[in-house]
Structure formats: C-alpha cells, structure tokens
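Just so it is clear: chains get the letters A, B, ... in the order the sequence lines come, proteins before strands, and each one is counted from 1.
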Amino acid sequence: MARYWLFKSEPDVFSIQDLQNSRGKRTSWEGIRNYQARNFLRDDAQVGDGVLFYHSNADPLAIVGTATIVKAGYPDHFAWQDGHKYFDAASTPDQPVWFMVDIRLTQIFRHPVTRSSLLLEPDCRDMLLLKKGSRLSIQPVTESEWQAVHRLAN
DNA sequence: GCCAACGTTGGC
DNA sequence: GCCAACGTTGGC
C-alpha cells in the first residue's frame, strides 16, 4: 500500500528543475536533520510512495510537481564525511543517526498548486504544511490530499 | 528584512 | 527535569 509524502525544498538550493536535470531525473534526499522527519524516512517511506515536491522560501510558494520514492531509507553517509556541510560526529557507519531516500521525478505540474490555492481547498485544510509555524520538511500526506492537489494542478 | 514558531543545547 | 538561550525555518 503506497503512501504519500510532501518534501520541502528551497528552489535556490534544489528546485524541481534541478531534479529534472539530474541524471536519470533522480536524486538522493540527504541532509534531513530533524528526528521526526528522519523517522519517516527511516521507518515509513517505501519504494513506490508518491512525493509532492514543494518549493519553500520561494515565489510562488507552491507544490510544483511530484516524484516517486525509488530507494527506501538508508543511512545518510554525508553525515560521516568530516568537513561536509551535513557532517555530524554523532553518526557513524556502525550507528547511523540520519537517513535518506532516493526519489525520481514523476511530473512537473503545468500549473503549480500555490499555497494560497491550497488554503482555499477544503480537502487540504488539515495539511501540516499549512499550519502556522510548521517546519517539518518531510510530511505524510493523505490520499484525499494527494488527489486534491492533482485536481488543482489540472 | 522581519520575526514568530520551533527544535536543540546546555547550565543548573 | 526544567527552562532560557540560541540557531534555524519559512511565511509574510
């Protein structure tokens, strides 16, 4: 049973266009350094799960497309590369603290689903994304939210 | 650029 | 275990 997720990314750092330009339209999703998000990646994300790709700190703020999990949670090896921006001495190959997944682009929406349109969509009113102060960068999404976003994108 | 909300750290 | 201080996120 596939699940659905929402991944946030600042387009100045990594945009959905960057994903499209990646080899195989595929990338690893490293650098998640929040325990709740880590748990989702480590324990719950499975190959085949759908991902809503959200541009945060952007103009416009929007879900700009979708991706698919193509590799389930595995240790974030960037955490044990000394000097790397994602280095964390607490994480080791024997006892990894942080995890990542791989995703592949599914589609770039012709009509991005803006935050303001999500705020008007009844089926999306419970989305964590829309809660004030919500900073979780990996969020579970319900099937009805997933479908509502696709309706809005068409 | 501002600042509220949040998660983490560390002194006690 | 508490909580103030701090750094970061992210909408506005």
Exercise. Round to a whole Å and report the spacing from CG of N39(A) to P of dG7(B).
Key: 13 Å
Quiz item: Given dC12(C), is OP1 or OP2 found less than 4.0 Å from the side-chain N or O atoms of R115(A)?
Solution: yes
Self-check item: Whole angstrom value for the distance that separates P of dG11(C) from CG of D12(A)
Solution: 13 Å
Practice problem: For the pair D76(A) and R38(A), evaluate salt bridge (Lys or Arg N to Asp or Glu O under 4.0 Å) and give the outcome as yes or no after the intermediate values. | Solution: CA-CA 10 Å; D76(A) 183 342; R38(A) 185 279 310 267; over 6 Å; no
Quiz item: Partners of H111(A) by side-chain hydrogen bond (donor to acceptor under 3.5 Å, both in side chains), sequence neighbours excluded?
Solution: none
Practice problem: Send over the distance from D88(A) CG to dG7(B) P, rounded to a whole Å. | Solution: 18 Å
Exercise. Can you tell me the distance, in whole Å, between the CG atom of D59(A) and the P atom of dG10(C)?
Key: 16 Å
Quiz item: Within the structure, does a side-chain N or O atom of Y54(A) lie under 4.0 Å from either OP1 or OP2 of dG11(C)?
Solution: yes
Exercise. Could you tell me the separation between the CZ atom of R33(A) and the C1' atom of dT9(C), rounded to a whole number of Å?
Key: 16 Å
Exercise. For N57(A), check side chain to side chain contact (heavy atoms under 4.5 Å, CB included) against everything at least two apart and list the hits.
Key: E10(A)
Quiz item: What's the CG-C1' distance between N34(A) and dT9(B), to the nearest Å?
Solution: 15 Å
Quiz prompt | Atom of G73(A), atom of F99(A) and distance for their closest heavy-atom approach | solution = C-CD2, 4.2 Å
Self-check item: N/O (side chain, K8(A)) to phosphate O (OP1/OP2, dT9(C)) under 4.0 Å
Solution: no
Quiz item: Nearest-Å distance, CH2 (W98(A)) to P (dG7(B))?
Solution: 13 Å
Grab the N/O contacts between the protein and nucleotides 1-5 of chain B below 3.5 Å, and write none if there aren't any.
{"residue": "dA5(B)", "atom": "N3", "partner": "R135(A)", "partner atom": "NH1", "Å": "3.4"}

Self-check item: Apart from V97(A) itself, residues in the same hydrophobic cluster as defined by side-chain heavy atoms under 4.5 Å
Solution: Y35(A), W98(A)
Practice problem: Take the protein atom CG of L130(A) and the nucleotide atom C1' of dC12(C), then report the distance between them rounded to whole Å. | Solution: 15 Å
Practice problem: Output all residues satisfying salt bridge (charged side-chain N to carboxylate O under 4.0 Å, His left out) with D123(A), sequence neighbours left out; order by chain, then residue number. | Solution: R151(A)
Quiz prompt | L152(A): partners by side chain to side chain contact (heavy atoms under 4.5 Å, CB included), with sequence neighbours left out | solution = V113(A), L118(A), E121(A)
